[in-house]
Trainee: 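I'd like to ask some things about the structure below.
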Amino acid sequence: MTTVIIGGTSGIGLEVVKRRAARGEDVVLTGRDTTRAQQVASSLEGSVRGLGVDLSDPHGIAVALTGIDAVDHLVIAAVERDNNVVRHYDIDRAVRLVTLKLVGYTEVVHTLLPRMHDESSIVLFGGLAKDHPYPGSVTVASVNGGVVGMVHALALELAPIRINAIHPGIIGDSPFWSDKPDVILEGYRSRTATGRLPSMEDITGAVDFLLSNRGATGIQLGIDNGWLLT
Ligand SMILES: NC(=O)c1ccc[n+]([C@@H]2O[C@H](COP(=O)([O-])OP(=O)(O)OC[C@H]3O[C@@H](n4cnc5c(N)ncnc54)[C@H](OP(=O)(O)O)[C@@H]3O)[C@@H](O)[C@H]2O)c1
């Protein structure tokens with residue numbers, strides 16, 4: 001069983017890598033830089049290989065992924081953070097994120113598709129900024145909404161290969177959030193229904209479910225502890 005995790009050098013992607021490698025799967029993780037990806041891979045237990053691929057350069061993706069043979073499961077979690085208010089709109093940053101998430105994600109699927117089989121499955125990452133935006137999130141909210149359309153269209157085009165999306169809320173123990181002052185995290189916790197922020201383990205459990213459940217395709221799974229309900 002081979003699982004490829006694009007954006008697997010840190011955060012949620014890295015947790016997925018660890019979980020699947022611990023089960024004895026062959027795992028390929030990627031980040032932008034080959035050396036860093038290889039270093040992360042060699043620091044882990046199990047059969048883990050690291051590759052470099054930059055999703056903001058979609059023309060380079062096919063060449064960068066030539067070292068991958070058969071693919072049973074594909075998880076695409078890559079992101080570059082963007083805070084871009086429209087009154088001071090930074091076109092280059094916006095184009096970079098749109099390219100990475102929408103064109104880059106799709107080109108990874110296009111490239112690896114011939115190496116998949118009918119029982120293969122794919123999980124993409126969006127995010128709940130699409131429903132719960134904040135000032136500065138115009139590009140983030142847009143690309144997360146774009147992931148919805150992408151998954152719906154690809155679920156039809158790729159069948160019987162399955163494809164689903166996870167839209168996390170604020171994942172309290174992920175590297176991006178875990179160092180934030182507790183007063184900020186407490187503000188977010190208090191806006192969930194459960195008083196808890198979801199964890200990376202909650203997300204990796206959702207990845208397992210969507211990759212393995214043969215009835216699941218075209219799903220947009222929000223994991224947010226009821227954030228959107230409050
Ligand atoms: N954490 C949250 O609370 C949260 C909330 C909502 C949505 N999400 C979504 O969940 C996913 C994972 O988030 P995370 O917080 O775990 O991310 P993260 O820790 O920031 O990790 C991002 C990953 O993407 C890779 N990456 C960055 N730029 C790239 C590029 N241009 N091309 C290819 N790979 C690139 C990074 O690798 P290198 O740095 O090694 O290049 C790293 O492996 C993302 O899609 C994010 O939008 C997360």
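All ligand and atom numbering here is 1-based and tracks the order in the structure. This one's a predicted model, so the numbers in the text were calculated from it and none came from an experiment. Position 1 is the first residue of the sequence; numbering continues from there.
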Trainee: Evaluate Thr204 against Glu15 for side chain to side chain donor-acceptor pair (under 3.5 Å), listing each step before the verdict.
Mentor: CA-CA 7 Å; Thr204 55; Glu15 288 306 301; over 6 Å; no
Trainee: Is the CD atom of Glu80 crowded by more than 12 outside heavy atoms at less than 6.0 Å?
Mentor: yes
Trainee: Name the residues in contact with ligand 1, where contact means a heavy atom under 4.0 Å away: which are they?
Mentor: Gly7, Gly8, Thr9, Ser10, Gly11, Ile12, Gly31, Arg32, Arg36, Val53, Asp54, Leu55, Ser56, Ala77, Ala78, Val79, Glu80, Arg81, Leu100, Lys101, Tyr105, Phe125, Gly126, Gly127, Pro168, Gly169, Ile170, Ile171, Ser174, Trp177
Trainee: Taking only residues at least two apart or on different chains, which pairs with a member in residues 175-186 satisfy side chain to side chain donor-acceptor pair (under 3.5 Å)?
Mentor: Asp182-Arg189, Glu186-Arg189
Trainee: Would you find more than 12 non-hydrogen atoms of other residues, nucleotides or ligands less than 6.0 Å from His117 atom NE2?
Mentor: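 Yes.
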Trainee: Does any part of the side chain of Tyr188, heavy atoms only, come nearer than 4.5 Å to the side chain of Ile184, both counted from C-beta?
Mentor: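 Result yes, sub-4.5 Å side-chain heavy-atom pair found.
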Trainee: Any carboxylate oxygen within less than 4.0 angstrom of a Lys/Arg side-chain nitrogen, looking at Asp208 and Arg23?
Mentor: yes
